[in-house]
Peer 1: 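Once you've had a glance at the structure underneath, I'll fire off some questions.
A note on names: the letters A, B, ... follow the listed sequences, proteins ahead of strands, and every chain is numbered from 1. Excluded from the calculations below are hydrogen atoms, water molecules and symmetry mates; all remaining heavy atoms, backbone and side chain alike, are included.
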Number of protein chains: 2
Amino acid sequence: MGREPAARRRGKELEEAIYQAVWDELQEVGFTKLTMDGVAKRAGTSKPVLYRRWPGRIELLAAAAVHFMPDRESIPDTGSIRDDTVALLSLMRTRMLTLGRSPMLGLLIHVSQQPEAEESHFLEQLQRNIRNLMTNVVIARALERGEATPEQLNDRLQMLPIDLARSQFLLTGDLPEGAITEIVDDVFMPALAGRAGQVRDSGARPGREGK
Amino acid sequence: MGREPAARRRGKELEEAIYQAVWDELQEVGFTKLTMDGVAKRAGTSKPVLYRRWPGRIELLAAAAVHFMPDRESIPDTGSIRDDTVALLSLMRTRMLTLGRSPMLGLLIHVSQQPEAEESHFLEQLQRNIRNLMTNVVIARALERGEATPEQLNDRLQMLPIDLARSQFLLTGDLPEGAITEIVDDVFMPALAGRAGQVRDSGARPGREGK
DNA sequence: TAGCTTAGATACGAGCCGTATCTTACGGAC
DNA sequence: GTCCGTAAGATACGGCTCGTATCTAAGCTA
């Protein structure tokens, strides 16, 4: 007569179900209304199971995000810094859309109030990864190709496309294809060209190397 | 025997005290722990008084921010687009530091989940105001001076310093003097120069002017 | 089969939410 | 000065979420 209680899950199987519950709950009620009770209920488990694994909802969210984050880490060599940068921003787009705007803002708030935040390891790791791809792959290739010189590429300039992409996403919640090409073609490439025209700041001699 | 109950405040006097309480509470417990109970208690009043005026804590926070926001709206004419831009970013810096990183992120989350959000009128108003100062003052002056041409200045490029400044603030919680000059001198001015060198997009041939 | 780990159920106190109710201080009208 | 309407301030409430404590029994391991 008593209904069959669901089989008891453990380890990876259980965690996977919890992550899925987090993701579904995010989709359904949104970040601000994401609760531990809600996740536990949806996952068919109970709160203590969650608290045994994560300190709180932010850390649980971060873990779920890690779990669902696509982990493509390579930028195809397109042959030009322009297209490589577009590819990098597309990767950024994929990741940011996976995480979502509110969760990303939520993680940022958490970081901003708990500077040591081990849990935000995740956000910083994404950030660091993107940064490395820019400097060690896109820029490095550009230097090899002779598309740019080291003096030309200060830190700000190297991070320019990334910063603009993140800014756009945090403000609008999206990073459309068109925005990417605008960032690259209307800002980044001109900025590179501008620095090329006056390679050394001291000897600024605009427009002397002839077209 | 009974202690003298504090004199009952009304109107502007009361609201001022509430705003001050919000600000103090923000300072003391931080954005995520800012509660209506806490504000009411600190202001020496009670929750119904707050809820009669604002729908919730986010709206109360926004109102307090408006109240404390310095309202300098002018950018001195420094004689160059470079220095005008620095002045604009300094204004942005002042405003963002007044609001604070977490509150700004919190308002952004609120906007992101309630798109119509009338209350975030405040954030968008700040944004719009800065935008207007950039296009209608800084850029307009530059065009008058002949420092730039209209074709040179697409939307992305015009918003570049603002976007970078906001990005920096949201990530680090600050916008130091040095960051401002880097944004302007290492990115914005070169980008302008780059667009000047190749006014029409059709002729853009990146990486061809090298040695 | 015995025993250990831990999933899952349940209950709890605490804190905050937003609202309802009530008293009473204050300000304006006369 | 008196009367009255408005709104401040106190209090209490139900509801939700938090994070934890306690207990059971399921399932793995020896």
Side-chain angles (χ1 to χ4, degrees), chain A residues 1-22 25-26 28-64 102-103 106 109-110 113-114 119, chain B residues 1-22 24-26 28-64 102-103 106 109-110 113-114 117 119:
Chain A
M1 307 292 137
R3 288 200 305 98
E4 199 87 8
R8 185 173 289 189
R9 300 152 298 179
R10 296 192 165 223
K12 283 296 170 193
E13 184 193 0
L14 177 58
E15 287 186 8
E16 188 112 4
I18 293 172
Y19 290 146
Q20 192 60 53
V22 170
E25 198 77 355
L26 253 191
E28 201 151 306
V29 305
F31 169 75
T32 55
K33 292 183 180 175
L34 182 76
T35 71
M36 296 300 259
D37 293 84
V39 171
K41 184 171 184 178
R42 183 184 288 267
T45 182
S46 61
K47 281 194 294 176
V49 172
L50 304 184
Y51 282 104
R52 279 176 204 129
R53 289 174 166 72
W54 303 278
R57 74 176 202 129
I58 286 289
E59 294 83 358
L60 171 54
L61 171 65
S102 296
I109 285 190
H110 189 249
Q113 298 210 333
Q114 314 220 348
E119 321 78 64
Chain B
M1 307 273 147
R3 290 198 305 97
E4 199 86 8
R8 187 174 287 189
R9 299 152 299 179
R10 296 195 165 220
K12 284 296 171 191
E13 183 192 359
L14 177 58
E15 287 186 8
E16 188 112 4
I18 293 172
Y19 290 146
Q20 191 60 54
V22 171
D24 293 346
E25 198 76 356
L26 254 191
E28 200 151 307
V29 304
F31 169 75
T32 55
K33 292 184 180 175
L34 183 75
T35 72
M36 294 301 257
D37 293 85
V39 171
K41 184 171 184 179
R42 182 184 289 266
T45 181
S46 62
K47 281 195 294 177
V49 172
L50 303 184
Y51 282 105
R52 278 177 203 129
R53 287 175 166 72
W54 304 277
R57 75 175 203 131
I58 287 289
E59 295 83 359
L60 171 55
L61 171 65
S102 297
I109 285 191
H110 188 249
Q113 298 209 332
Q114 315 219 347
E119 324 77 64

Peer 1: Both B:R9 and B:G56 contact DNA chain C. Which one's nearest nucleotide lies toward the 5' end?
Peer 2: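 Residue closer to the 5' terminus by nearest nucleotide: B:G56.
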Peer 1: Please report, rounded to the nearest Å, how far the C1' atom of C:dT6 is from the CD atom of A:E15.
Peer 2: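 It works out to 13 Å between those atoms.
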Peer 1: Does a nitrogen or oxygen in the side chain of B:T45 sit under 4.0 Å from OP1 or OP2 of D:dA8?
Peer 2: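 Looking at the OP1 and OP2 atoms of D:dA8, neither is under 4.0 Å from any side-chain N or O of B:T45.
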Peer 1: Indicate, with a heavy-atom threshold strictly under 4.0 Å, whether B:S46 touches base, sugar-phosphate, or nothing.
Peer 2: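 Base: the residue B:S46, judged by heavy atoms under 4.0 Å, touches a nucleobase.
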Peer 1: Between B:L50 and B:M36, what is the shortest heavy-atom contact and its length?
Peer 2: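 Of all heavy-atom pairs spanning B:L50 and B:M36, the closest is CD1-O, 3.5 Å.
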Peer 1: N/O contacts under 3.5 Å, protein versus nucleotides 12-17 of chain C?
Peer 2:
residue, atom, partner, partner atom, Å
C:dC17, OP2, B:M36, N, 3.0
C:dC17, OP2, B:D37, OD1, 3.1

Peer 1: If you take all heavy atoms of B:F31 and B:S102, which pair is closest and at what distance?
Peer 2: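 Shortest heavy-atom separation between B:F31 and B:S102 comes out as CB-CB, 3.7 Å.
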Peer 1: Heavy atoms only: give me the nearest B:G56-B:Y51 pair and the separation to one decimal.
Peer 2: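 So the minimum-distance heavy-atom pair works out to CA-CE2, 4.5 Å.
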Peer 1: Rounding to an integer number of Å, can you tell me how far A:L50 CG sits from D:dT20 C1'?
Peer 2: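 From A:L50 CG to D:dT20 C1': 13 Å.
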Peer 1: So A:V49 and A:R52, do their side chains get closer than 4.5 Å, heavy atoms only?
Peer 2: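 Yes, close enough: below the 4.5 Å cut-off.
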Peer 1: Would you say the side chain of A:I109 lies within less than 4.5 Å of the side chain of A:I58, judging by non-hydrogen atoms?
Peer 2: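 When only atoms from C-beta onward are counted, A:I109 and A:I58 do not touch, as no gap falls below 4.5 Å.
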Peer 1: What's the shortest heavy-atom distance between B:A63 and B:W54, and which atoms?
Peer 2: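 That would be CB-NE1, 3.3 Å.
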Peer 1: For the pair made of CG in B:L14 and C1' in C:dA25, what is the distance, rounded to whole Å?
Peer 2: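 My rounded result for the distance is 13 Å.
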Peer 1: Working to the nearest 0.5 Å, report the span between CZ of B:R53 and CD of B:E59.
Peer 2: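 It is 15.0 Å, given to the nearest 0.5 Å.
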Peer 1: Which heavy atom of B:S46 sits nearest to which heavy atom of B:A40, and what is that distance?
Peer 2: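 Closest approach of B:S46 to B:A40, heavy atoms only: C-CB, 3.7 Å.
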Peer 1: Identify the pairs formed between an N or O of the protein and an N or O of nucleotides 20-23 of chain C at a distance under 3.5 Å, and give each distance.
Peer 2:
none

